[in-house]
Amino acid sequence: MAEFFIDGEWAEPARGGTRQIHCPADGTLVGVVGEGTREDTGAAIAAARRAFDAGPWPSTPAGRRGDLLLRVAELLERDKDAYARAESLDTGKRLVESEYDLADVAACFRYFGKLAGQDAGRVVDAGSPDAFSRIVYEPVGVCGLITPWNYPLLQAAWKVAPALAAGNTFVLKPSELTPHTAILLMRTLTEAGLPAGVANLVLGAGPEAGAPLSEHPDVDLVSFTGGLATGRVIAANAAATVKKFALELGGKNPNVIFADADFETAVDYTLTAVFLHSGQVCSAGARLVVAEELHDRLVDEVVRRAERIRLGGPFDPDAETGPLISAAHLAKVEKYVQTAIAEGAILRTGGHRPDDERLAAGFFYAPTVLDGVRQGSHAVTEESFGPVLTVETFTDEEDAIRIANDTQYGLAGAVFTTDASRAQRVANRLRHGTVWINDYHPYLPQAEWGGFKQSGFGRELGPTGLGEYQEAKHIYQNLRPAPSGWFRAGHPSREEPMQ
Ligand code: NAD
């Protein structure tokens, strides 16, 4: 049970706790890992502190740090099959999706590897011939990195790669539900030549193994991706020692569709936006905000296609999407749907576990469409983080923008229209950190990924000099919109599942 990685050594949790990891698709036992306590995290923080204060990594030339990250990218590609398999077993997601994730993980390390040595700072006018003035960039120190279960390795990579590029040391605490690819990552970092103590890994539940990363005075920065309620706890804890913190929180993301949108493209992306990874995506387009005159035609077709989506486990070649992560999460989604119906939502399809023997041992939930939800209702304001689409209608452009912005969250959203001017006007006014035009979900490592409002604040890359007084918004436009074909089942001419 030595899966903890502390000061360059594999270690067991001090109190010897264990946790079983089961595949959410069929309940098979994937592995038994150590379950850490505050004591283990304290030891990992001490190692990271020593490595920062006295180790070679922070003063290693940035270009050499970058070279190591490039080597990590190569090793990830070499070992991609083992990584993808481990990710799929922990999360239950289709193997092909884990393979896509792995490619994104390698690209992330490569991107930050190339960036590491590029900017050595700048000289500023000192205002006197007898002075010299320059800006330099230094690492923050010890970073506590806390990640969720939906994209386990990718979420870790988005924190680990820039933290290392900048010369920090870190303690990673992945979700207790999906630890295996983080363990593999420690092996890869070691093989790439990272000095002892720079990368540390502890496993276990958030309030126990995770909490010290937001509380301990020796941690300089805590970077958290997860739910809003946990984010509030982390921010409050971090305040006691005035830590720097980054919070990438939830979303309740509107997908705004105008009547002039290309119909097939709009249907296709409505499905992809919300049912990809069974809705367990922070940027999932869980709120369909559709023009009144298009409502009936669009929703009928979305329902028809949603009913044909093929559910299955990671290695089922016909599956188009997989299970929810756990029994507790399944129960949460079921309750969310029941509450919505009790509040007056019209259940158009789904709302139950699939009636299929093959899926009985997994945490599957049928793709669900809730029509006629009221603004301000629980269904519209709270994340389900499951395969549940709610439908609201709008009368005109102004109404669409008002409805789309009427949420405590501000992570992502999309607008579908063939009117190019309207697309830009609406994108400009959506108060969400990422806005896609005639597309949904593309993510670029070189673009900001930050939330507005209570979605937190994430990666704000472009320095304008105005710092925290600006929100960076990424507006991405697909200039050749066409159906993505992600969910092919039910489409008359594209019945073959995507491989
Ligand atoms: P969660 O908040 O329950 O857990 C996230 C991580 O925090 C886990 O590792 C957990 O163990 C840890 N944790 C829990 N309590 C803690 C505490 N008191 N101190 C320290 N760590 C603690 O979230 P989840 O269920 O794993 O993930 C789903 C949520 O994540 C959704 O709300 C989703 O929208 C959000 N998310 C956001 C993004 C983004 O980029 N904005 C990306 C993915 C997921």
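Throughout, numbering of the chain's residues begins at 1 and tracks the sequence. When a ligand or atom number is given, it counts from 1 through the structure's own listing order.
Atom 24 (P) of ligand 1 has Trp149 NE1, 3.4 Å as its closest protein atom, hydrogens excluded (heavy atom only). With hydrogens left out, the protein atom closest to atom 27 (O) of ligand 1 is Pro148 CB, 3.4 Å, a heavy atom. Of all protein heavy atoms, the one lying nearest to atom 9 (O) of ligand 1 is Thr147 O, 2.8 Å. Here the protein heavy atom with the shortest distance to atom 28 (C) of ligand 1 is Phe385 CE2, 3.6 Å. For atom 7 (O) of ligand 1, the closest non-hydrogen atom on the protein side is Phe224 CE1, 3.1 Å. Gly206 CA, 3.3 Å is the protein heavy atom nearest to atom 13 (N) of ligand 1. In terms of protein heavy atoms, atom 41 (N) of ligand 1 is closest to Leu249 O, 2.7 Å. Among all protein heavy atoms, the one lying closest to atom 44 (C) of ligand 1 is Asn150 ND2, 3.6 Å.
Contacts between Glu383 and ligand 1 below 4.0 angstrom, taking non-hydrogen atoms only, involve the side chain exclusively. By the criterion of a heavy-atom distance under 4.0 Å, neither the backbone nor the side chain of Tyr151 is placed next to ligand 1. Within the 4.0 Å heavy-atom criterion, neither part of Asn237 lies near ligand 1. Within the 4.0 Å heavy-atom criterion, both parts of Thr225, backbone and side chain, lie near ligand 1.
Ion pair Lys93/Asp101 flagged as a salt bridge, since at least one NZ, NE, NH1 or NH2 atom sits closer than 4.0 Å to an Asp/Glu carboxylate oxygen. For the pair Asp316 and Arg94, the salt-bridge criterion is not met [side-chain N within less than 4.0 Å of a carboxylate O]. Electrostatic pairing of Glu3 and Arg187 does not count as a salt bridge here, judged by no charged N lying under 4.0 Å from a carboxylate O. Between Glu99 and Lys80 there is no salt bridge, since no side-chain nitrogen of the basic residue lies less than 4.0 Å from a carboxylate oxygen of the acidic one. Salt-bridge annotation for Arg15 and Glu35: absent, with no side-chain N of the basic residue lying under 4.0 Å from a carboxylate O of the acidic one. Salt-bridge check for Asp220 with Arg49: passed, with a basic side-chain N closer than 4.0 Å to an acidic carboxylate O.
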Glu77/Arg110 under salt bridge (Lys or Arg N to Asp or Glu O under 4.0 Å): CA gap, chis, key distance, verdict: CA-CA 11 Å; Glu77 278 161 355; Arg110 193 159 279 126; 3.0 Å; yes

Steps toward salt bridge (Lys or Arg N to Asp or Glu O under 4.0 Å) verdict (Glu343, Arg374): CA-CA 8 Å; Glu343 277 184 330; Arg374 275 184 301 102; 5.1 Å; no

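Polar contact check, Gly227 against ligand 1: a nitrogen or oxygen pair lies under 3.5 Å apart. The distance criterion of under 3.5 Å between nitrogen or oxygen atoms is not met by Ser455 with respect to ligand 1. The distance criterion of under 3.5 Å between nitrogen or oxygen atoms is not met by Gln155 with respect to ligand 1. The shortest N or O to N or O distance between Glu176 and ligand 1 is under 3.5 Å.
Judged by the shortest distance from any of its heavy atoms, Pro174 lies inside the 4.0 Å radius around the atoms of ligand 1. For the ligand labelled ligand 1, residue Ser175 lies inside the 4.0 Å heavy-atom shell.
In this structure, Tyr365 has its ring center no closer than 6.0 Å to that of Tyr336.
Across all non-hydrogen atoms, the minimal contact from Tyr409 to Thr381 is CE1-O, 3.8 Å.
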